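Since the structure comes first, as structure tokens, the remarks are kept for the end.
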Amino acid sequence: MSVWFGRGFLFNSSLLETLIFAAKVYTDFKPLSEDLASTLERLIPLSEEIESFQGKLDFAYGDLKELVDTLFRAREVVNTCIEGVSWFQKPILTREIQRIINDMLKFSQTKLQFLQFRTLDDGGLCKRIDGFSVPVYTDLCSVPLPDKDLLGFDYPLMELKKKLLDDSVGSLVVCAPTGVFKHIFYWVTSRTPNLRVMVQHLLLHNGFKDLTFSNDSQAANCLRKLLEELKGNGGILLVFDDVFAGAESLLKTFQINLQDYKILVTSQFEFPSFGPTYHLKPLAHQDAKNLLIQLASPLPHHTNPYEFEDLLQKTLKRCNGLPLVIEVVGVSLKGRGLHLWKDQVESWSEGKTILERLQPSFDALKPHLKECFMDMGSFLEDQKICASVIIDLWVELYGTSSSSSIVYMKYLNDLASQNLLKLIPLGKNEQEDGFYNGILVTQHDVLRELAIHQSRLESILETKRLHLKIIKNIFPDWYSNLRQPINARLLSISTDDLFSSSWVEMDCPNVEALILNLSSSDYALPSIIAGMKKLKVLTITNHGVSLAKITNFACLGSLPNLKRIRLEKASVTLLDLPQLRLGSLQKISFVMCSFHEVFYECVDIDISKALPSLQEIEIDYCYDLDEVPYWVSQVVSLKKLSVTNCYKLSRLPNDIDNLSKLEVLRLASCFNLCELPETTSELRNLRFLDISDCTGLRKLPLEIGKLQKKLKKISMRKCWRCELPGSVVNLENLEVICSAVPNNYVA
């Protein structure tokens, strides 16, 4: 059997075998091409299973579209390689091959299992779920029936039942943003749940005599006896709905080791010590649209369907798939005219309706998390923000000399667990030593507006956070009328692509963190920075299409407390910052930057005096960097050097051994790096070496065994060609991480 894709080829094992043969024959991309062939080979045993789905799934546009597109991309790459590849195409194709491999592995490991589950016959899992015996109550603790059809919950409910029926799962937490749970079973818990009252309700509900308990221990003992009594009549399912944070001890009281006894918890919050978490996703777009139309009908009369569809889409975007928010908005618009729909959409920017519905989520936060949540409003909407950017900000705003970045990563996890932001991990990047570039942070627009709304409750002069948005060189009215210094600690300035860098003076004596969001190709740093004597963190992010040429770095030269600088998608020279002689600077980060003039020759700057406090340098996705600048090896205070995803990087400075304090060296995904300097073996304080995905690396320094006292970890995933010298046997504390062990690995 074969399945026609509609892309111009058939899906069957013959197609896979053709692609595998071509991938193996073409040698210029080895070992990546071999990895592609190996991944394709994994799909061959699954081809018959995939073909068996015909008639149940939509191959061209639905369920298997992702696999179709990935195989089509693989065929295109193979054809391009056979036709011939120029030198400038090679890094592009290398990245595409790696993405194809990752996408295929993701499909075979996760999506295929989901499709298998969906195509089960009636006599399979669904029948088992329906046959599961759950006590049906009729009074105090009975399950409330939904008063309307629930849209978009068919698959999540099936998946949830599947997890709950797993014999290894005794407790399960269903976690979702505020407003997702409207009709969940069983027990709605209060902010201050009372164990004694809960047990009393269970007793009465099951026809037992009401008992009065003098303490929780008595109630807990009675609970166990009651559950043991009920167990004889079939399985027991307890459902606790809308559980608040801090209820772990109560939940654990109900965790009793009984057969066929399950506990299900629904909450905004996670309870990792209680049980695994199932994240209930917001409604899919079409389900959300159907629900909104159902609630808002009759819809307003409109002569222009495109105009109404635009209003509908804007409304859906703001609702973010949350049923409760959709219900509030839909009911408020029910039978209303088109002009009221327009007013509703426009009013959201003023913090009405939706923000008021979300306010309880903010009010429930602990004080330190409230501060961190409000800081999120300083970043542009719809952005994927590197976690390290936020952590660097919080370390300087709220940290002490002993504060660790791990603490602030926990703050991000805390906010994510309460669905106020989302964390997206990228692959298997190491996250130790405060390196969190492998995690992205996103936040829905409405939640961002909630954060901004909290800051606006204070006056412009008194607020801790100030957001300045400049469009077409037009400053807001409050800025033009400013006559006094502002009190803000965190200042964010956003400009569009038409901004001409014509700044108006503003006195910001207390600003400790400055976030510049720009979109123009030429950008002069505002001179007002020179007056920010307390400034500790400067983040410059270009959101424009092309690289931005940054000028006026001289305004940074008079800042005695500046500790962290980050530039993203900027065109700079690597000597711009050393020439400023920033005595307090501890960390520099360059992301997607272009270094048009690197100046490898000697320049008359004593780096050890110009940057005496610099401890960390990060260079990530800087495609035109082929050598690490000479002055980096002169930063004798350096403890962490990270040069990652720089595909042209071919070598490190030979005098890298000058970095006697270096503890962490990251060189991940530098495909063109062939070897490390032999002087690397003189880095006696090095404890972590990351050469993951350095597919061109042939060997490690012969005397790397000299690092036996401190070196604890070498991360070398996908370093197929890298040879380990015999001296590695001297690395007594070493843990080698390697996905494919080289042929001459020394055990």
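Owing to the predicted nature of the structure, the values given are computational and were not obtained by experimental measurement. The analysis underlying the following values was restricted to heavy atoms, covering all of them including side chains, and did not include hydrogens, waters or symmetry mates.
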**Request:** Let me see the working for S502 and N473 under side chain to side chain donor-acceptor pair (under 3.5 Å), right down to the final yes or no.
**Result:** CA-CA 7 Å; S502 299; N473 292 305; 4.9 Å; no
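- Nearest heavy atom pair, residue L518 against residue A548, reads CD1-CB, 3.6 Å.
- Here OG of S492 is found 8.0 Å from CG of L380. Values are rounded to the nearest 0.5 Å.
- Note: Q383 CD to T442 OG1 = 10.5 Å, rounded to the nearest 0.5 Å.
- The aromatic rings of W394 and Y411 are tilted relative to each other, their planes meeting at an angle between 30° and 60°.
- With values rounded to the nearest 0.5 angstrom, Y278 atom OH is found 11.0 Å from L264 atom CG.
- Residues D496 and I470 are not in side-chain contact: their nearest non-hydrogen atoms beyond the backbone lie 4.5 Å or more apart.
- Taking both residues in full, the closest heavy atoms of S273 and E248 are given as OG-CG, 3.8 Å, listed atom of the first, atom of the second, then distance.
- Checked for salt-bridge contact, E568 and R566 meet the test: a charged N lies under 4.0 Å from a carboxylate O.
- When side chains are defined from C-beta on, I390 counts as touching F379, because their heavy atoms get closer than 4.5 Å.
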**Asked** Can L490 and E512 be said to form a side-chain contact (heavy atoms from CB on, under 4.5 Å), step by step?
**Response** CA-CA 6 Å; L490 172 57; E512 297 179 40; over 6 Å; no
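- Under the side chain to side chain contact (heavy atoms under 4.5 Å, CB included) test applied with V389, the options T541, I515, V591, T539 reduce to a single match, T539.
- By the 4.5 Å heavy-atom criterion applied to side chains, I471 and F499 are not counted as neighbours.
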**Prompt:** Could you walk me through whether L412 and L421 pass the side-chain contact (heavy atoms from CB on, under 4.5 Å) check?
**Reply:** CA-CA 8 Å; L412 279 175; L421 51 80; 4.0 Å; yes
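- With values rounded to the nearest 0.5 angstrom, I439 atom CD1 is found 6.5 Å from L423 atom CG.
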**Asked** Can H467 and L491 be said to form a side-chain contact (heavy atoms from CB on, under 4.5 Å), step by step?
**Response** CA-CA 6 Å; H467 314 288; L491 174 63; over 6 Å; no
**Request:** Could you walk me through whether N290 and Q294 pass the side chain to side chain donor-acceptor pair (under 3.5 Å) test, one step at a time?
**Result:** CA-CA 6 Å; N290 292 341; Q294 173 185 307; over 6 Å; no
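- Using a distance-only test at 3.5 Å, with no hydrogens or angles considered, a donor-acceptor pair links the side chain of N542 to the main chain of K569.
- Residue N304 places its CG atom among more than 12 non-hydrogen atoms of other residues, nucleotides or ligands, all under 6.0 Å distant.
- What you find for L547 and M592 is that their closest heavy atoms are CD2-O, 3.4 Å.
- The closest side-chain heavy-atom distance from L316 to L292 is below 4.5 Å.
- In this structure the side chain of K422 never reaches within 4.5 angstrom of the side chain of V441, judged on heavy atoms.
- The closest side-chain heavy-atom distance from S520 to Y523 is below 4.5 Å.
- For the pair P476/K469, no side-chain contact is recorded, criterion being any heavy-atom separation below 4.5 Å from C-beta on.
- At least one side-chain heavy atom of D620 sits less than 4.5 Å from a side-chain heavy atom of N437.
- Classified by interplanar angle (parallel below 30°, tilted 30° to 60°, perpendicular above 60°), the ring pair F362/F373 is tilted.
- Distance check, rounded to the nearest 0.5 Å: OG of S378 to CD1 of I452 gives 8.0 Å.
- Residues T463 and E458 approach most closely at CA-OE1, 3.3 Å, considering heavy atoms.
- For the residue pair L420 and L447, the shortest heavy atom distance occurs at O-CD1, 3.6 Å.
- E270 contributes no side-chain N or O that, together with a main-chain N or O of T277, makes up a donor-acceptor pair within less than 3.5 Å.
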**Request:** Tell me, with the steps shown, if Y398 and D375 meet side chain to side chain donor-acceptor pair (under 3.5 Å).
**Result:** CA-CA 12 Å; Y398 310 120; D375 290 340; 2.6 Å; yes
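- A salt bridge does not link E309 to K314: none of the charged side-chain nitrogens sits closer than 4.0 Å to a carboxylate oxygen.
- For the residue pair F308 and P300, the shortest heavy atom distance occurs at CE1-CG, 3.7 Å.
- A donor-acceptor contact shorter than 3.5 Å links the side chain of R465 to the backbone of E371.
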**Test log, rule side-chain contact (heavy atoms from CB on, under 4.5 Å), inputs L299 and W341** = CA-CA 10 Å; L299 300 177; W341 280 69; 4.2 Å; yes
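- Atom-to-atom distance recorded for Y621:OH and C593:SG is 14.0 Å, nearest 0.5 angstrom.
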